[in-house]
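Remember, predicted model here, so these are calculated numbers, not experimental data.
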Amino acid sequence: MLLPRTDKTGQFLFGADAWAGSVLWWMVQVILQLRLYALYGCSKRLLVLMVSFFAAEVASML
């Protein structure tokens, strides 16, 4: 039996869908950044640069 869709349900599903996409995108970015960090010999300078840009990206998306 299907439940009736209300505006509140639609808004929740729309928000959950947007967040799910963002979280998946951030997970992929973290994996790629870890690979770059390893590729460049665990460079602390690169790590600081990547973390700062990643934090700025996440902050801008919120």
Side-chain angles (χ1 to χ4, degrees):
M1 181 170 164
L2 296 175
L3 297 174
R5 295 188 69 114
T6 63
D7 286 339
K8 202 171 216 180
T9 304
Q11 288 176 350
F12 172 76
L13 291 175
F14 181 73
D17 184 44
W19 275 106
S22 295
V23 169
L24 286 174
W25 178 252
W26 293 333
M27 287 172 45
V28 168
Q29 281 189 326
V30 167
I31 291 169
L32 291 174
Q33 287 175 4
L34 287 173
R35 292 176 59 130
L36 277 174
Y37 177 66
L39 184 67
Y40 283 93
C42 299
S43 169
K44 299 293 181 192
R45 292 173 98 187
L46 180 65
L47 180 64
V48 168
L49 183 70
M50 288 190 306
V51 167
S52 62
F53 279 125
F54 182 71
E57 178 188 355
V58 170
S60 71
M61 291 179 77
L62 297 176

Who else is in the cluster with [X] when I, L, V, M, F, W and Y are joined by side-chain contacts under 4.5 Å?
X     : result
Leu32 : Val28
Ile31 : none
Leu49 : Phe53

Check: For Val51, what residues pass the side chain to side chain contact (heavy atoms under 4.5 Å, CB included) criterion, not counting sequence neighbours?
Finding: Leu47
Distance, nearest 0.5 Å, that separates [atom1] of [X] from [atom2] of [Y]:
X     : Y     : atom1 : atom2 : answer
Leu62 : Trp19 : CG    : CH2   : 4.5 Å
Leu39 : Leu34 : CG    : CG    : 12.5 Å
Met50 : Ser43 : CE    : OG    : 8.5 Å

Note to self: Just checking Met61: does its CE atom have more than 12 heavy atoms from other residues, nucleotides or ligands closer to it than 6.0 angstrom?
What the structure shows: yes
Next item on the list: Specify the closest pair of heavy atoms between Leu46 and Leu36, including all atoms of both residues, with the distance to one decimal.
Entry: CD2-O, 3.8 Å
Next item on the list: For residues 46-59, pull every pair meeting side chain to side chain donor-acceptor pair (under 3.5 Å), keeping only residues two or more places apart or in separate chains.
Entry: Trp25-Glu57, Gln29-Glu57
